[in-house]
Amino acid sequence: MRKIFVLFTILLFGCYPKNETQEPVVKLASTSVHDTPRVAKAKNVILMIGDGMGITQITAGMIKNNNRLNLERFKIVGLHKPYSSDNLITDSAAGATAFACGKKTYNGAIGVTPDKKKVATILEECEAKDMATGLVATSTIVHATPASFIAHQPSRKMYEDIAADFLKTEIDLFIGGGKKYFDRRETDERNLYEELEKKDYYVSDYFKEDMSDIKFDPKKNFAYFTADDDPLPVASGRDYLYGASRVATGFLKAHSKGKGFFLMIEGSQIDWGGHANDANYIITEMLDFDKSIGAVMDWAEKDGETLVIVTADHETGGFSVNLGSTQDTLVTKFTTDYHTAEMIPVFAYGPGAEMFSGIYENTEIYEKMKKAMGL
Ligand code: MG
Ligand code: ZN
C-alpha cells in the first residue's frame, strides 16, 4: 500500500507546479476555499504544528499509546501539499511561512517572499485588529517554525535578528527556549530580556515543569524562557508543553478582552527524532504533542468559539513501520535523514473546521484561518 502511495505521489508530483501561477500538469477540479459553505465565525484560532509529523509519526505514536490518540477527537481531516517555492521538499521555515503568510517561499525564508520582501503574518494581522497573540514551542522561540509567525528575515539562521523582531511586535505571550539570543547577544550590545521587561512584559526563566505556580501578572504580557538554547527532549526530562498549552489558552482568553486571539503551539522535536532516525525520539515527542492537543481540545470544547487546527509542516525521515512489528516492538525504517515530499494531514475542530477537509496547498491554511475569523 505504501509503495502504491509513493508511486502515486511521484506520478502526481513528477512535474509539480513551481509556484501557484504555473498550471499543474495534472488538471484537477477547483478546490478554492470559496466553494465551501458559509460558516460561523471563530473568535480564537489555535494552530498546532507537529514539526516533521507525517502519517507514520502519528501512527507510531498511536500504536505505542494503546492504539488511541487525542487526534481522534477531530472529525474533519484534510491533506495539504507542503512543497516550497524552490524545492519539492520544503524546510520548516518555508513551511511555517506558508501557514503564517499564505505565500510559498524558498527554503530558509522567515516571513519573506521569494524576492525577500517582508509579508505580514497572521499573528501581525491579528495584533493589528487588537486581538491577543501567542507562540509556544519546544525548540528555541527563534527557531524556524515560531520565527515565521513573528519575524521577517532572509535566513532562518539569523537567530539574533529574529529575536530582535519580537520587540517590534505586541505579542502577548511566548514560551520556548533560546534565552541566550535575547540576553547574551554576539551581534550587538542589546539585552532584549531587559528590553522586554521595560516594555511591560513579565519575563521569567524560572523553569518549572508544572507551570501552575508561575506568579505572572495577568495585566502584563508574558515571556517565558524554558531553556538557554534548545529545550531538552521529552525523554531527557522536558515536560512543559502540556502546562504551557493550558497557561497560554487561559492567559490569552483573559488578555484578549473579548476580541479573540491567535495562538501557535509547536511540538518542535518530532522533526528532530526524524532527522536522528530515532523512532523512540519521534514517538515520545509525538505523544507529548498529543497530550497537549488533549489539553487544547478540552479547553476549546468548553470555549465553543475556538477553531483548532493540528497539522505539520512536512514529514521527516521517510519513516515507516514494517512487517514484524508488534505493539511492544515496532520494526521501523527510515529512507532519509531529511524531510520528504509526502502530503500532510490537517485536523480541524470548531467554527470553520469544514473548510479544512479535502486536498489543498499549505498556503490555503492561512486563507482558511483568516476566513474562519472573518479577517
Ligand atoms: Mg520547527
Ligand atoms: Zn527538519
Side-chain angles (χ1 to χ4, degrees), residues 46-58 80 82-84 86-101 105-111 121-123 134-151 153 155-159 162-163 165-166 174-178 181 226-227 229-234 238 240-241 244-245 263-279 281-282 284-286 288-289 292-293 309-319 334-342 344 346 362 365:
I46 303 174
L47 173 63
M48 303 188 73
I49 302 173
D51 199 314
M53 183 186 73
I55 292 278
T56 310
Q57 283 77 1
I58 295 169
H80 79 69
Y83 66 90
S84 67
D86 69 337
N87 205 312
L88 184 53
I89 315 300
T90 190
D91 83 325
S92 295
T97 298
F99 299 153
C101 307
T105 190
Y106 60 93
N107 286 0
I110 301 291
T121 72
I122 191 166
L123 185 147
L135 294 172
V136 175
T138 53
S139 61
T140 70
I141 201 67
V142 294
H143 209 258
T145 311
S148 297
F149 286 84
I150 196 163
Q153 297 295 341
S155 165
R156 58 182 289 168
K157 294 188 180 132
M158 298 164 73
Y159 294 125
I162 291 166
D165 279 353
F166 275 71
F174 62 90
I175 301 171
Y181 300 110
T226 56
D229 199 347
D230 292 329
L232 295 171
V234 166
R238 189 196 78 238
Y240 70 79
L241 191 59
S245 302
L263 168 64
M264 193 288 294
I265 298 174
E266 186 197 22
S268 317
Q269 297 194 29
I270 302 166
D271 175 65
W272 301 358
H275 284 290
N277 284 6
D278 182 337
Y281 194 173
I282 290 171
T284 49
E285 294 294 334
M286 177 66 221
D288 181 61
F289 186 53
S292 305
I293 291 168
I309 306 297
V310 183
T311 190
D313 42 5
H314 52 73
E315 193 274 348
T316 306
F319 186 38
F334 294 89
T335 59
T336 176
D337 62 5
Y338 195 62
H339 311 154
T340 67
E342 271 186 24
I344 295 298
V346 184
N362 57 356
I365 291 176

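The first residue in the sequence is number 1, and the count goes up from there. For the numbers below, each heavy atom of this structure counts, side chains included, while hydrogens, waters and symmetry mates do not. Counting starts at 1 for both ligands and their atoms, in listed order. Source: prediction; values computed, not measured.
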Engineer: I'd like to know if the Zn ion (ligand 2) has an N/O/S atom from H314 within less than 2.8 Å of it, counting both backbone and side-chain atoms.
Structural biologist: no

Engineer: Looking at the Zn ion (ligand 2), is there an N, O or S atom belonging to D91 that lies under 2.8 Å away from it?
Structural biologist: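 So D91 does not count as coordinating the Zn ion (ligand 2).
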
Engineer: For E266, what is the atom name of its N, O or S atom nearest to the Mg ion (ligand 1)?
Structural biologist: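 In E266, the heteroatom (N, O or S) nearest the Mg ion (ligand 1) is OE2.
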
Engineer: Is it true that some N/O/S atom of T145, main chain or side chain, lies under 2.8 Å from the Mg ion (ligand 1)?
Structural biologist: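 Within the cut-off used here (under 2.8 Å), T145 does place an N, O or S atom near the Mg ion (ligand 1).
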
Engineer: Ignoring hydrogens and geometry, is there a side-chain-to-backbone donor-acceptor pair from T138 to S268 under 3.5 Å?
Structural biologist: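 Side chain of T138 to backbone of S268: a pair is present.
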
Engineer: NE2 (H275) to the Zn ion (ligand 2) to NE2 (H339): angle, nearest 10 degrees?
Structural biologist: 100°

Engineer: Looking only at N, O or S atoms in D51, which is nearest to the Mg ion (ligand 1)?
Structural biologist: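 Going by distance to the Mg ion (ligand 1), the closest N, O or S atom in D51 is OD2.
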
Engineer: Rounded to the nearest 0.5 Å, how far does OH of Y83 lie from CG of N362?
Structural biologist: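 Between atom CG of N362 and atom OH of Y83 there are 7.5 Å.
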
Engineer: Quiz question: by atom type and distance under 3.5 Å, do the side chains of S92 and H314 form a donor-acceptor pair?
Structural biologist: yes

Engineer: Between I150 and T121, is there a side-chain heavy-atom distance shorter than 4.5 Å?
Structural biologist: no

Engineer: Can you tell which of D278, V234, D271 makes a side-chain contact (heavy atoms from CB on, under 4.5 Å) with E285?
Structural biologist: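 Checked D278, V234, D271 against E285; only one passes side-chain contact (heavy atoms from CB on, under 4.5 Å): V234.
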
